[in-house]
Amino acid sequence: MLICFSLKWICKVNSITLWEEERYTDGSKWRFLEHKGPVFAPPYEPLPDKVRFYYDGKPMKLSAPAEEVATFFAKMLDHEYTTKDIFRKNFYKDWRKEMTSEEKSKITDLNKCNFSDMNEYFKAQSEARKQMSKEEKLKIKEENERLLQEYGFCIMDNHKERIGNFRIEPPGLFRGRGDHPKMGMLKRRIRPEDIIINCSKDSKHPKPPPGTKWKEVRHDNKVTWLASWTENIQGSIKYIMLNPSSRIKGEKDWQKYETARRLKKCVDRIRAQYRDDWKSKEMRIRQRAVALYFIDKLALRAGNEKEEGETADTVGCCSLRVEHIKLYPKLDDQEYVVEFDFLGKDSIRYYNKIPVEKRVFKNLQLFLENKQPEDDLFDRLNTSILNKHLQELMDGLTAKVFRTYNASITLQQQLKELSCSDDSIPAKVLSYNRANRAVAILCNHQRAPPKTFEKSMQNLQTKIDEKQNQLSAARKQLKAAKADHKASHDDKSKKAVEVKRKAVQRIEEQLMKLQVQATDREENKQIALGTSKLNYLDPRISVAWCKKWAVPIEKIYNKTQREKFAWAIDMAEKDYEF
DNA sequence: CGTAGGACTTGGTCTGATGGGA
DNA sequence: TCCCATCAGACCAAGTCCTACG
């Protein structure tokens with residue numbers, strides 16, 4: 001990227017606010033980096049003898065390694081996935097690797113294994129944890145705090161920064177999401193010998209636990225991570241990195257939104273270009289143009305290729321297959337409708353029916369010709385081709401910038417449309433949430449309906465019913481008061497009418513509020529707002545909106561979010577335009 | 001060019017803490 | 001004061017995109 005950002009960064013060091021400007025132009029991320037290394041998962045504690053594992057109805061004492069892996073399964077017994085074939089198969093295979101040869105020959109069928117005693121034990125344990133006294137709980141809290149203070153921070157250049165994840169992931173059974181072919185496999189324990197430490201040469205290097213060694217200590221200031229290890233399920237690398245509140249993350253975030261704002265300036269040109277490309281003589285260009293249209297209009301993800309059989313079968317735009325779309329020349333009263341139905345990231349279903357322009361429709365028909373359902377829709381396109389093209393259209397442009405751009409611009413537009421100066425603060429916050437929701441829907445950010453959803457909806461409905469009863473009672477009283485007044489025509493009865501009228505009005509308002517709340521909650525049933533708020537919406541839009549409408553920023557961002565967006569809170573004035 | 005590895009962002013779910021109402 | 005719904009934060013999986021290598 002050609003643009004060199006120089007962000008004035010506010011740092012609070014010993015409660016003194018410093019302004020600092022330092023940017024590296026050679027691609028290095030820091031000069032000085034010092035930390036204490038990661039915190040390892042606690043060692044395995046064998047079960048008390050009274051907690052039994054049964055094989056084929058008979059109690060059996062397991063060796064510690066086999067027992068540990070068995071407890072991972074036992075803890076999950078209530079989960080549906082322990083009943084799934086693939087999960088059981090993968091677990092059993094990996095479990096056997098931990099058994100002694102004696103155990104291996106004895107245990108030959110997972111179906112004959114009974115973990116329920118172990119399961120009960122863990123349930124009792126977690127129950128006991130809940131029942132702990134205040135003092136015990138406080139002690140744990142203090143210990144956690146101590147760990148955080150010791151391992152949770154590092155020094156990067158001149159600042160003490162919070163580390164995002166300083167604890168190493170404990171061993172367990174890999175779950176994965178959706179139909180993952182590796183679900184149930186054993187995620188092995190990470191030892192110091194697996195860890196690569198990254199820090200600066202002139203720093204105090206972290207010490208490995210007594211009697212152990214790090215895999216390697218390196219001093220690579222072209223990267224931001226403090227420690228890494230290779231995970232055994234996919235063979236990918238995991239990292240320990242800084243918290244979103246850190247300078248290095250904040251700056252990157254800011255940069256991301258600046259790129260999206262540059263897209264705003266040239267999006268018209270790019271749109272005109274891809275519309276033109278729909279007519280191209282070359283198939284690859286038409287495919288590229290239609291894919292880009294989807295990415296822009298529907299905020300689809302790029303859709304990298306994935307290794308088959310290694311992960312769940314999910315797709316994004318470039319990896320869409322014929323089976324994922326249906327074309328309707330006419331549907332109800334709309335023309336040229338495309339129906340999308342596929343599993344995206346995290347196996348979240350994307351389902352949408354949208355009318356498209358005739359040219360797009362005709363192109364899609366062309367792309368589908370002579371193909372099987374499992375064939376690629378865009379067989380002449382992949383993310384690297386697409387991104388190369390985008391790079392030529394604008395410096396730093398990639399497919400995901402469209403998601404950021406469209407999310408942020410939508411928020412800004414919606415806020416403009418929905419905000420009303422006469423509204424109370426709660427009403428304004430509601431408008432904000434609605435705007436946020438519009439974005440979440442665009443980005444297809446879904447959640448499983450909360451477990452207590454039905455119940456809490458019912459509670460709310462009960463309240464509404466009660467309010468309604470109150471209202472009709474109040475109306476009756478008003479009517480009676482009116483009749484009374486008509487009969488007597490005195491001052492006292494006149495006042496009574498007024499009182500009753502006010503009461504009706506107040507109850508009507510309360511009812512309205514409840515109904516709005518119910519609508520809001522219902523609309524939010526399957527929508528997750530957090531992801532867009534955290535990753536797609538330029539925080540300066542929200543900060544400016546708060547300033548403009550005199551809404552306290554705390555109503556929009558909680559403490560963590562305010563820390564993450566400190567740069568924006570400091571930067572944006574009420575007239576900020578994305 | 002295609003591929004693999006590496007670094008970093010984005011994502012949903014689960015759990016324990018919290019705080020408001022009975 | 002207790003209970004329960006809500007929320008923040010932890011957790012860790014799963015994407016994107018870039019670079020180096022053959």
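Residue numbers begin at 1 in each chain, while the letters A, B, ... track the order of the sequences.
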[N] phosphate, OP1 or OP2: any side-chain N/O from [X] under 4.0 angstrom?
| X | N | result |
| --- | --- | --- |
| A:R403 | B:dG11 | yes |
| A:T531 | B:dT10 | no |
| A:K137 | B:dA17 | no |
| A:R301 | B:dT9 | no |
| A:T224 | B:dC8 | yes |
| A:K238 | C:dC12 | no |
| A:N535 | B:dT9 | no |
| A:K249 | B:dT9 | yes |
| A:Y536 | B:dG11 | yes |
| A:K130 | B:dA17 | no |
| A:R177 | B:dT13 | no |
| A:H180 | C:dA14 | yes |
| A:R162 | C:dA10 | yes |

Handout entry: Ion pair A:E231/A:K187, N-O distance below 4.0 Å
Key = no
Problem - Sidechain N-carboxylate O distance under 4.0 Å for A:E251, A:R247 - result: yes
How would you label the contact of [X] with the nucleic acid (heavy atoms, under 4.0 Å): base, sugar-phosphate, or nothing?
| X | value |
| --- | --- |
| A:K29 | sugar-phosphate |
| A:P170 | sugar-phosphate |
| A:G530 | nothing |
| A:A399 | sugar-phosphate |
| A:L534 | nothing |
| A:R175 | nothing |

Whether the [X] and [Y] side chains hold a donor-acceptor pair (N or O, under 3.5 Å, no angle test) is what I'd like checked.
| X | Y | result |
| --- | --- | --- |
| A:N444 | A:Q446 | yes |
| A:R437 | A:N524 | yes |
| A:S228 | A:N198 | no |
| A:D538 | A:Q412 | no |

Exercise for the section: Check if the side chain of A:K345 and the base of B:dT10 share a donor-acceptor pair of N or O atoms closer than 3.5 Å. Expected result: yes
Roughly, in whole Å, what's the span from [atom1] in [X] to [atom2] in [N]?
| X | N | atom1 | atom2 | answer |
| --- | --- | --- | --- | --- |
| A:L397 | C:dT16 | CG | P | 15 Å |
| A:K559 | B:dG19 | NZ | P | 12 Å |
| A:E231 | C:dA13 | CD | P | 7 Å |
| A:I168 | C:dA13 | CD1 | P | 13 Å |
| A:Y81 | B:dT13 | OH | P | 12 Å |
| A:L138 | B:dT18 | CG | P | 11 Å |
| A:I237 | C:dC12 | CD1 | P | 19 Å |
| A:N165 | B:dT10 | CG | P | 16 Å |

Problem - Ring-ring centroid check A:F115 A:F73, cutoff 6.0 Å - result: yes
Problem - Within the 6.0 Å centroid threshold, strictly below: A:Y351 and A:F340 - result: no
Looking at the side chain of [X], which of [options] is the nearest nucleotide?
| X | options | result |
| --- | --- | --- |
| A:N558 | C:dC12, C:dA8, B:dC8 | C:dA8 |
| A:M241 | B:dG16, B:dC8, C:dC18 | B:dC8 |
| A:T314 | B:dG12, C:dT16, C:dG15 | C:dG15 |
| A:Q234 | B:dG6, B:dG11, C:dA14 | C:dA14 |
| A:Y239 | B:dT13, C:dT16, B:dG6 | B:dG6 |
| A:K400 | C:dT16, B:dA7, C:dC12 | C:dT16 |

Completion exercise
Sorted by position of nearest nucleotide on DNA chain C, 5' first, the leading residue of A:E169 and A:D346 is A:E169
Completion exercise
Between A:E305 and A:F174, the residue closer to the 5' end of DNA chain C by nearest nucleotide is A:F174
Exercise for the section: Tell me which of A:K222 and A:R447 sits closer to the 5' end of DNA chain B, going by the nucleotide each one is nearest to. Expected result: A:K222
Exercise for the section: Using the closest heavy atom to pick a nucleotide of DNA chain B for each, name whichever of A:S228 or A:D253 lands nearer the 5' end. Expected result: A:S228
